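Single-structure report; data block below.
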4 protein chains.
Amino acid sequence: MSKDKIIQAAIEVFSENGYHRASMDEIAARAQVAKGTLYYNFPGKSQLFKTVVKQGIEDIMQRTEAELNSPLPMKEKIERVIRDHLDLFLESRHFSHIVFNEISNGIEQDVLDELKELKRKYLSFLASIIEEGQCEENLCRAVDANLAAASIVGTLESTCNYYLNHQDAYSRDDLEQFAFTMITQGLFISFE
Amino acid sequence: MSKDKIIQAAIEVFSENGYHRASMDEIAARAQVAKGTLYYNFPGKSQLFKTVVKQGIEDIMQRTEAELNSPLPMKEKIERVIRDHLDLFLESRHFSHIVFNEISNGIEQDVLDELKELKRKYLSFLASIIEEGQCEENLCRAVDANLAAASIVGTLESTCNYYLNHQDAYSRDDLEQFAFTMITQGLFISFE
Amino acid sequence: MSKDKIIQAAIEVFSENGYHRASMDEIAARAQVAKGTLYYNFPGKSQLFKTVVKQGIEDIMQRTEAELNSPLPMKEKIERVIRDHLDLFLESRHFSHIVFNEISNGIEQDVLDELKELKRKYLSFLASIIEEGQCEENLCRAVDANLAAASIVGTLESTCNYYLNHQDAYSRDDLEQFAFTMITQGLFISFE
Amino acid sequence: MSKDKIIQAAIEVFSENGYHRASMDEIAARAQVAKGTLYYNFPGKSQLFKTVVKQGIEDIMQRTEAELNSPLPMKEKIERVIRDHLDLFLESRHFSHIVFNEISNGIEQDVLDELKELKRKYLSFLASIIEEGQCEENLCRAVDANLAAASIVGTLESTCNYYLNHQDAYSRDDLEQFAFTMITQGLFISFE
DNA sequence: TATGAATGAGGGTTCATTCAT
DNA sequence: GATGAATGAACCCTCATTCAT
């Protein structure tokens with residue numbers, strides 16, 4: 001079906017180029033459909049973008065949720081969340097970018113609002129995991145869970161980015177261990 | 001002088017829109033000069049962008065360096081580095097974004113290389129502070145200092161971003177304390 | 001169809017203005033299509049130019065070739081070649097100019113190379129007629145046929161040009177006779 | 001003096017690029033004067049162009065005239081005229097182009113008229129030499145002398161052009177001999 | 001359901017020219 | 001006499017969108 005081909009192509013093209021630099025022409029070409037077909041299936045570029053982002057966020061949420069339903073100790077759960085995100089970020093270099101950072105000037109306000117809402121929902125989802133760790137097991141520090149979620153995503157994104165530019169210096173495993181340490185224990189050795 | 005007006009305008013426009021969405025027309029209008037004046041002073045858009053980024057990075061490096069020359073305990077130094085970065089990031093909403101995350105497709109390769117070099121130099125600068133904390137005072141954990149620098153910047157950027165979208169829920173001071181805690185102690189209460 | 005309209009308009013505009021002075025805007029206006037349509041049909045200005053030149057050269061080659069297939073004495077054939085070229089040059093004032101003399105600085109090298117190749121092919125075609133006259137009938141002097149071809153084209157072009165600026169002083173027939181005499185017998189009455 | 005430096009630079013730049021493609025910036029740079037100085041010395045681009053063309057034409061006329069005052073047989077005089085022109089055309093590749101063929105759309109009408117007048121004067125000068133050969137020595141055929149002049153210039157220009165693109169195949173001497181033969185005797189061996 | 005030719009607003013860039021110094 | 005910063009019109013080109021088929 002055309003719609004699916006288009007979405008797949010759109011994920012690729014948006015991920016590689018970012019919103020503004022991605023062109024409907026290239027999406028159509030990559031999806032092997034005519035340009036008109038894009039507009040037959042989606043009202044416009046920004047709506048297509050929204051669909052892509054939505055799908056991406058739902059994917060990672062589902063992926064992560066599946067892991068969390070298994071009866072694991074909290075510490076391990078968070079390890080997995082980090083691993084899942086590294087997978088996603090490394091796999092589709094710019095996707096996290098788009099989702100979390102795309103400068104949005106030039107997208108219609110209503111689409112923009114929906115995107116913000118999606119992002120909010122996603123951070124809430126992460127925050128709820130953290131809250132679980134705060135309540136249930138007294139594992140996590142009593143910081144604001146939403147800020148913590150944002151901070152984790154930021155850390156993961158920027159370290160992935162650094163890693164991708166210096167793949168000779170680190171292994172994927174180094175990255176994962178570093179991220180886990182940094183996120184859970186912070187920079188300081190002790191702190192009274 | 002035109003050149004300064006242009007740089008100021010460029011900082012604004014690039015910060016608000018990102019590279020690709022920023023237009024030379026708007027920069028000229030904001031700087032209250034004719035479009036041709038941009039090209040009299042800079043060879044083109046990408047070079048103007050480079051100048052802006054360079055200046056931004058040099059600014060924050062200088063600002064931070066000044067603080068670090070004072071004889072403060074390491075812990076306080078890092079507190080100040082965080083505060084300086086929050087200042088910068090909050091002040092110019094998307095500047096950090098541009099510097100650290102701008103999707104670069106479509107910028108000439110040579111300019112791109114210079115930008116990467118600038119970024120690398122900046123992260124090295126931050127890393128050197130961390131290394132100092134590792135060696136001199138045995139304060140910092142023995143993680144890779146460059147990755148740690150990247151991770152700090154990522155944390156600050158994404159929490160700032162979150163804060164700017166939820167200013168009703170937090171004070172600037174909340175943000176600062178959160179960032180310091182998260183960066184230095186991490187998410188977990190204890191970890192033996 | 002748009003493509004044909006564009007080519008016709010391009011012939012006119014390039015002929016009247018030369019490559020650098022011709023503007024895509026004017027071609028679009030003359031073709032009564034939107035500017036974007038030019039770029040839908042051709043990759044850019046230089047490619048459009050190439051198409052125009054190619055078509056022009058192929059036209060004159062075909063036109064001439066048709067004449068030469070008829071079983072005429074060589075002398076008459078050359079008369080016809082001259083007449084055909086005068087037709088072309090007088091009809092589309094600057095076309096020959098463009099083809100044979102366009103200063104090419106600023107056209108992409110690959111297009112330029114194709115144009116040179118076209119020109120070379122055309123001169124070879126003329127040269128082959130001359131060679132026929134040298135061999136078969138011992139009519140033509142044993143000069144280098146390619147130079148001779150170039151020289152004929154130059155003579156025709158510059159006399160046409162002169163004629164067009166002094167139409168009151170000569171008839172088309174005067175021009176034709178003059179060209180034939182000059183090309184075939186030269187300036188001197190006798191030469192021992 | 002600035003004026004002279006400018007004219008020399010202008011000759012170079014116009015010769016290399018043609019009128020429309022030549023830029024005042026480059027002329028100024030080549031003359032090592034500021035851009036404003038061009039406008040201090042000349043009213044504008046087209047006037048500067050006119051000056052250059054004028055000087056070029058006067059140069060070649062003087063150069064040729066000097067040769068013709070010596071008491072040579074007519075045949076030799078014409079040989080020299082050809083040689084002088086080849087020198088000029090080969091030396092300054094596009095100068096003849098500019099003078100004899102520059103498509104002039106976009107130059108102010110009054111300058112254009114002056115240029116045409118210059119060209120006319122020059123062709124008359126050549127024509128007068130031919131006329132001398134017709135009358136005095138009964139050497140030249142009784143063709144229209146102005147057309148003959150135009151035709152000679154056209155031949156020389158286009159053969160020079162061909163030669164410059166195929167320098168491996170011919171020597172300068174080949175070119176000179178060819179031009180002399182073609183111009184004076186034409187293509188045909190005999191013609192009764 | 002799908003197409004692709006056509007559009008036109010807007011983007012980056014060039015350059016002859018002006019003018020205060 | 002000479003400068004060079006500043007201008008703005010005009011250039012080539014891109015691309016999201018429309019619409020007849």
Side-chain angles (χ1 to χ4, degrees), chain A residues 1-3 5-6 19-29 31-49 106 108, chain B residues 1-3 5-6 20-28 31-48 106, chain C residues 1-3 5-6 20-28 31-48 106, chain D residues 1-3 5-6 19-29 31-49 106 108:
Chain A
M1 196 199 183
S2 281
K3 201 159 191 161
K5 284 196 292 179
I6 291 169
Y19 180 76
H20 291 301
R21 187 71 193 165
S23 85
M24 295 298 264
D25 272 276
E26 187 168 353
I27 293 171
Q32 291 180 294
V33 299
K35 218 158 111 170
T37 310
L38 299 191
Y39 288 86
Y40 180 76
N41 285 283
F42 298 90
K45 188 183 183 183
S46 65
Q47 298 284 336
L48 175 55
F49 182 59
E108 292 84 50
Chain B
M1 198 195 182
S2 281
K3 202 160 191 162
K5 283 196 293 176
I6 291 169
H20 291 302
R21 183 71 192 167
S23 86
M24 294 298 264
D25 273 280
E26 186 169 352
I27 293 172
Q32 291 180 293
V33 299
K35 210 155 57 142
T37 309
L38 300 190
Y39 289 89
Y40 181 75
N41 285 283
F42 298 91
K45 188 185 185 182
S46 66
Q47 298 283 340
L48 175 54
Chain C
M1 196 196 183
S2 280
K3 202 160 191 162
K5 283 196 293 178
I6 291 169
H20 291 300
R21 184 72 193 165
S23 87
M24 294 298 265
D25 273 278
E26 186 169 353
I27 293 172
Q32 290 179 294
V33 297
K35 221 180 359 175
T37 308
L38 300 190
Y39 290 89
Y40 181 75
N41 286 282
F42 299 91
K45 188 184 185 183
S46 66
Q47 297 284 336
L48 175 54
Chain D
M1 196 198 182
S2 281
K3 202 160 190 162
K5 284 196 292 178
I6 292 170
Y19 180 75
H20 291 300
R21 187 71 193 166
S23 85
M24 296 298 264
D25 272 277
E26 187 167 354
I27 294 170
Q32 291 178 293
V33 297
K35 220 158 107 172
T37 310
L38 300 191
Y39 289 87
Y40 181 77
N41 285 284
F42 299 90
K45 188 182 184 185
S46 65
Q47 297 285 336
L48 174 55
F49 182 59
E108 292 85 50

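These values consider heavy atoms only, across backbone and side chains, with no hydrogens, waters or symmetry-generated copies. In this text the structure is predicted, and so the values were computed from the model without any measurement. In what follows, chains are A, B, ... by sequence order, proteins preceding strands, each numbered from 1.
Partners of Ser46(B) according to the side-chain hydrogen bond (donor to acceptor under 3.5 Å, both in side chains) rule, which considers only residues two or more places apart in sequence or in another chain, are Glu108(B). Residues satisfying the side chain to side chain contact (heavy atoms under 4.5 Å, CB included) criterion with Tyr39(A), sequence neighbours excluded, are Met24(A). Judged as a side-chain hydrogen bond (donor to acceptor under 3.5 Å, both in side chains), and not counting sequence neighbours, the contacts of Glu26(B) are Arg30(B). Residues meeting the salt bridge (charged side-chain N to carboxylate O under 4.0 Å, His left out) test with Lys5(B), sequence neighbours left out: none. Every residue was checked against the side chain to side chain contact (heavy atoms under 4.5 Å, CB included) condition with Gln32(B), not counting sequence neighbours, and none meets it.
Applying the salt bridge (charged side-chain N to carboxylate O under 4.0 Å, His left out) test to every pair with at least one member in residues 36-48 of chain D, sequence neighbours left out, gives no pairs at all.
One atom, CD of Gln47(C), and another, P of dC12(F), lie 15 Å apart when rounded to the nearest Å. If you measure from atom CG of Leu48(B) to atom C1' of dG11(E), you get 15 Å, rounded to the nearest angstrom. We find that CD1 of Ile27(D) is positioned 11 Å from C1' of dA16(E), with the value rounded to whole Å. Here dA2(E) presents its P atom at 12 Å from CG of Leu38(A), a figure rounded to the nearest Å. Distance CD (Gln32(C)) to C1' (dT7(E)): 15 Å, rounded to an integer number of Å.
Between Asn41(D) and dG1(F), a side-chain N or O to OP1/OP2 separation shorter than 4.0 Å is absent.
For DNA chain F, if you chain together Watson-Crick or G-U pairs that step i with j, i+1 with j-1 and so on, the runs of at least three with distances under 3.5 Å are E:2-21 with F:2-21.
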- Heavy-atom protein contacts under 4.0 Å, nucleotides 15-21 of chain F, coded B base, S sugar-phosphate only, - none: -BBB---

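Comparing Lys3(C) and Met1(A) against DNA chain E, the residue whose closest nucleotide sits nearer the 5' end is Met1(A). Across the interface with DNA chain F, nearest-nucleotide mapping of Val33(B) and Ala34(D) shows Ala34(D) to be the residue nearer the 5′ end.
The line from OG1 of Thr37(C) to CD1 of Ile27(C) is 13.0 Å long, rounded to the nearest 0.5 Å.
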